[in-house]
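Taking it in order: structure first as structure tokens, then the write-up.
All ligand and atom numbering here is 1-based and tracks the order in the structure. Since the structure is predicted, the reported quantities are computational estimates derived from the model, not experimental observations.
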Amino acid sequence: MEIEIATIGGYEEVGRQMTAVRAGDDVVIFDMGLNLSQVLIHDNVETERMHSLDLIDMGAIPDDRIMSDLEGDVKAIVPTHGHLDHIGAISKLAHRYDAPVVATPFTIELTKQQIESEQKFGVENDLVKMEAGETMSIGDSGQIELEFVNVTHSIIDAINPVLHTPEGAVVYGLDKRMDHTPVIGDPIDMERFREIGREGEGVLCYIEDCTNANKKGRTPSESVAREHLRDVLYSMEDYDGGIVATTFSSHIARVKSLVEFADDIGRQPVLLGRSMEKYSGTAERLDFVDFPSDLGMFGHRKSVDRTFKRIMNEGKEDYLPIVTGHQGEPRAMLTRMARGETPYELDDGDKVVFSARVIPEPTNEGQRYQAEKLLGMQGARVYDDIHVSGHLNQEGHYEMLDALQPRNIIPAHQDMKGFSSYVNLCESEGYKMGRDLHVTRNGNLIQLVD
Ligand SMILES: [Zn+2]
């Protein structure tokens with residue numbers, strides 16, 4: 001059976017991930033993501049109203065025109081998890097394919113919300129839920145199966161999809177960390193990865209996210225970030241002024257830890273900001289997390305301001321607002337607080353906890369610097385970097401290669417510079433560029449079996 005891989009997006013950047021795998025006449029697409037930094041760099045761009053071709057020209061969504069060179073029918077669109085760089089272009093591109101979107105329940109729910117806010121296109125693809133550990137038959141040959149293997153990442157309900165073909169498995173390995181003690185959900189299913197490496201024809205191809213391939217050692221578990229956060233918040237127990245925390249709003253495990261520790265130190269947690277309300281509300285509705293029944297979540301400007309007024313009236317020392325703005329985004333809640341645009345007044349000595357790391361990208365770095373400066377001018381004390389990455393470091397990459405023993409490797413989710421450390425690791429394991437290690441760019445086809 002012919003096996004071909006189209007590397008469509010995310011092979012020259014972090015963002016707008018999209019890869020298609022053709023097995024005989026059947027094609028499966030993995031991820032359809034957005035490159036948010038290409039959108040944010042322009043002021044006042046509303047992507048909801050924009051046409052796909054304009055967004056492609058901006059570099060914001062994958063250029064999927066190469067799909068017409070693939071001789072087969074798309075049978076499924078499979079986003080691996082709910083981060084925007086993996087689902088953010090579904091509302092712009094999926095309607096061109098007569099195929100369902102297949103994903104885990106949390107990812108499907110976020111995709112649904114994405115499609116509902118779309119204003120340019122009517123997206124009517126079926127949304128099909130499949131849990132980690134489950135499989136689905138693809139096409140009519142009876143020879144191809146899609147499997148979801150549970151992985152751990154900085155968002156809940158993440159999987160690595162595996163396409164089983166008569167020529168071996170194609171493992172799409174984007175976005176995971178090897179977490180054996182995650183705060184929410186099951187540990188990564190390494191046992192299954194090892195089985196896939198040994199059973200049948202083994203692994204024909206492994207497509208891997210190179211994000212932290214330049215970092216030595218192993219990525220710590222989410223439970224390490226949780227203990228770090230506990231230590232920081234417990235140290236503030238006797239402080240009788242304002243404490244504010246911020247983190248990735250899609251990082252439900254981290255939000256859960258913040259909510260719990262706020263309560264432990266005698267403060268009422270409250271979630272503020274549009275995306276805080278969106279992600280935590282969705283996770284709670286789908287029973288991924290059990291928040292206290294009186295936990296307030298407010299997204300709209302008016303209800304947020306009303307909450308801030310209540311906090312100022314009743315006393316800042318009784319509350320812990322958990323807000324958006326960990327990267328200093330100009331319109332996010334923490335940045336508005338720093339600029340003095342909300343009723344919440346920061347005083348000398350008030351604490352601001354960043355349970356996040358600055359995404360190393362010039363726009364973020366500049367915005368975050370500005371936000372921290374503004375907070376500092378109001379006398380706030382900043383606690384930074386209480387975080388662990390959602391991506392594998394070198395030893396995690398090594399363990400994956402050892403488990404899967406893939407015959408071909410395609411590095412992904414980075415630019416050329418980001419690929420280099422992973423290429424070195426693969427070459428030290430006996431792979432060779434141009435032979436079985438395929439460093440590629442957006443818009444290429446790689447024929448693995450002809
Ligand atoms: Zn991700």
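Atom CE of Met433 sits in a sparse spot, with 12 or fewer heavy atoms from other residues, nucleotides or ligands closer than 6.0 Å.
Taking the side-chain contact (heavy atoms from CB on, under 4.5 Å) definition, one finds that Gln447 meets it with Glu2, Glu4, Arg22, Asp450, sequence neighbours left out. The ring-ring contact (aromatic ring centres under 6.0 Å, His included) test applied to Tyr398 returns no partner, not counting sequence neighbours.
Around the Zn ion (ligand 1), protein N, O or S atoms at a distance under 2.8 Å total 4; waters are neither shown nor counted.
Remark: Arg192 fails to qualify as a cation-pi partner of Phe148 under the 6.0 Å distance and 45° angle criteria applied to the six-membered ring.
Identified under the ring pair (Phe, Tyr, Trp, His ring centres under 6.0 Å) test for residues 422-444, with sequence neighbours left out: His397-Tyr422.
Of the possible polar contacts, none joining the Arg16 side chain to the Leu34 backbone as a donor-acceptor pair under 3.5 Å is found.
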